[in-house]
Amino acid sequence: MTLEVDADPYEFEFDPEKTALMVVDMQRDFIEEGGFGEYLGNDVSRLRKAVEPTQKVLEAARDAGFKIIHTREGHRQEMADAPPSKVERGDLDVKIGDEGPMGKVLVRGERGHDFVEELQPEEGETIIDKPGKGSFYSTDLDLVLRNDDIENIILTGVTTEVCVQSTVREANDRGYECLVLEDCTASYFPEFDEVGIKMIKAQGAIFGWVADSDEFISTLSDV
Ligand code: C5J
């Protein structure tokens with residue numbers, strides 16, 4: 001079965017059985033106060049706008065039987081996979097690995113590293129723990145997708161121009177077709193949000209397609 005989403009710069013076609021929904025880094029460390037995003041000097045409330053539409057997409061994708069993948073950016077407890085350059089970057093008072101109100105910042109197993117309450121994975125969904133911005137770098141994501149014959153990825157998550165865009169670029173180079181749901185992404189910088197999305201769909205979908213969540217959800221009524 002081939003479905004078609006009204007997208008930019010033109011229709012995005014996909015077979016639901018060969019399509020995964022990815023929710024990128026919807027973690028407390030980026031979205032809630034007292035996490036990594038705030039230590040970087042950001043207004044973390046800007047990211048909340050992506051939570052509710054992503055929740056709706058997640059529910060619709062679960063009902064339609066999609067493969068669902070959640071990613072988390074973060075590091076091992078002993079920090080062996082945290083590049084010193086990343087830890088030192090920004091000259092922060094509280095660095096990655098230091099103790100904050102939600103546990104050690106951006107460290108696996110800590111409260112801040114976990115997903116926000118509204119977007120917790122369900123049993124059987126795949127969680128990819130990644131040390132970098134892109135979801136393919138130093139993870140088994142490609143293997144997970146290829147084992148399930150996945151060719152298309154629907155992307156949601158934060159932040160638009162950092163981890164979502166890095167993931168789209170990596171996926172595109174590996175031959176996956178990506179559709180980014182614009183209202184399900186967010187940035188600490190509204191101008192980066194806008195330009196980040198434009199960069200993806202420019203030049204005839206140079207990295208991928210863009211649509212809003214309602215357009216995507218409406219196509220699923222045919223599944
Ligand atoms: C950042 C991310 N912004 N998930 N990570 O450091 O976008």
Side-chain angles (χ1 to χ4, degrees), residues 21-51 53-54 58 69-76 79 81-98 100 102-108 110-116 118-121 126-139 141 153-172 178 180-200 207-208 210:
L21 171 71
M22 271 185 76
V23 184
V24 175
D25 298 5
M26 291 298 258
Q27 298 162 251
R28 295 192 178 106
D29 255 325
F30 295 110
I31 298 174
E32 294 185 2
E33 288 173 13
F36 183 53
E38 195 170 67
Y39 285 121
L40 289 172
N42 296 307
D43 172 4
V44 293
S45 68
R46 289 190 185 279
L47 301 194
R48 281 225 76 90
K49 77 171 180 72
V51 173
T54 303
L58 195 49
I69 298 174
H70 306 257
T71 70
R72 286 187 296 210
E73 180 180 343
H75 298 282
R76 293 167 173 268
M79 298 278 287
D81 61 348
S85 59
K86 182 177 179 183
V87 177
E88 294 308 319
R89 191 84 47 84
D91 197 22
L92 305 176
D93 291 338
V94 181
K95 295 180 166 56
I96 297 171
D98 288 348
M102 294 193 286
K104 288 184 206 156
V105 175
L106 221 58
V107 169
R108 294 178 194 155
E110 303 290 333
R111 181 174 163 77
H113 178 262
D114 196 11
F115 304 104
V116 293
E118 299 90 331
L119 296 169
Q120 289 284 326
T126 299
I127 297 174
I128 299 284
D129 278 316
K130 62 189 182 72
K133 308 291 191 276
S135 302
F136 289 83
Y137 172 68
S138 275
T139 72
L141 175 60
I153 308 173
I154 311 296
L155 279 115
T156 63
V158 295
T159 62
T160 316
E161 79 284 8
V162 183
C163 290
V164 174
Q165 204 183 93
S166 296
T167 299
V168 171
R169 288 171 183 241
E170 288 181 327
N172 180 66
C178 294
V180 178
L181 301 182
E182 186 168 4
D183 53 326
C184 297
T185 69
S187 169
Y188 300 120
F189 307 92
E191 67 275 26
F192 290 176
D193 205 3
E194 192 191 331
V195 173
I197 289 289
K198 277 187 182 163
M199 287 166 73
I200 290 166
F207 296 122
V210 175

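Being a predicted model, the structure only gives us computed values, none of them experimental. Just follow the structure's listing: the first ligand is 1, and inside any ligand the first atom is 1. No hydrogens, no waters, no symmetry mates; every other heavy atom, side chains included, goes into these values.
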Next item on the list: Would you indicate whether the side-chain heavy atoms of Lys49 and Asp193 approach each other to under 4.5 Å?
Entry: yes
Checklist line | atom 1 (C) of ligand 1 - nearest protein heavy atom and its distance | finding: Phe30 CE2, 3.5 Å
Margin query: Check this for me, if you would: do Asp25 and Lys130 make a salt bridge, where the nitrogen-to-carboxylate-oxygen distance has to be below 4.0 angstrom?
Written below: yes
Next item on the list: Output the list of atoms in ligand 1 that are nearer than 4.0 Å to some heavy atom of Glu73, sorted by atom number.
Entry: 1 (C), 2 (C), 4 (N), 5 (N), 6 (O)
Note to self: With respect to Val162, determine whether any N or O atom, backbone or side chain, lies less than 3.5 Å from an N or O atom of ligand 1.
What the structure shows: no
Next item on the list: Using a strict 4.0 Å cut-off to heavy atoms of Lys133, name the atoms of ligand 1 that fall inside it.
Entry: 6 (O)
Checklist line | Glu170 with Lys133: basic N within carboxylate O range, under 4.0 Å | finding: no
Next item on the list: Mind checking whether Val158 contacts ligand 1 via backbone (N, CA, C, O), side chain (CB onward), both or neither, at a 4.0 Å heavy-atom cut-off?
Entry: backbone
Margin query: Checking a contact table here: which protein heavy atom is nearest atom 2 (C) of ligand 1, and how many Å away?
Written below: Cys163 SG, 2.7 Å
Notebook entry, point to check: Going by distance alone, is a donor N or O of one side chain under 3.5 Å from an acceptor N or O of the other, for Thr160 and Ser187?
Noted result: no
Check: To the nearest 0.1 Å, how far is atom 7 (O) of ligand 1 from its closest protein heavy atom, and which atom is that?
Finding: Thr159 N, 2.9 Å
Note to self: I need the single residue from Leu106, Ile96, Asp114 that forms a side-chain contact (heavy atoms from CB on, under 4.5 Å) with Asp29. Which is it?
What the structure shows: Leu106
Next item on the list: State whether the side chain of Ser135 and the backbone N or O of Thr167 hold a donor-acceptor pair below 3.5 Å, judged by distance alone.
Entry: no
Margin query: Heavy atoms only: which of Thr167, Val24, Asp25 lies closest to atom 4 (N) of ligand 1?
Written below: Asp25
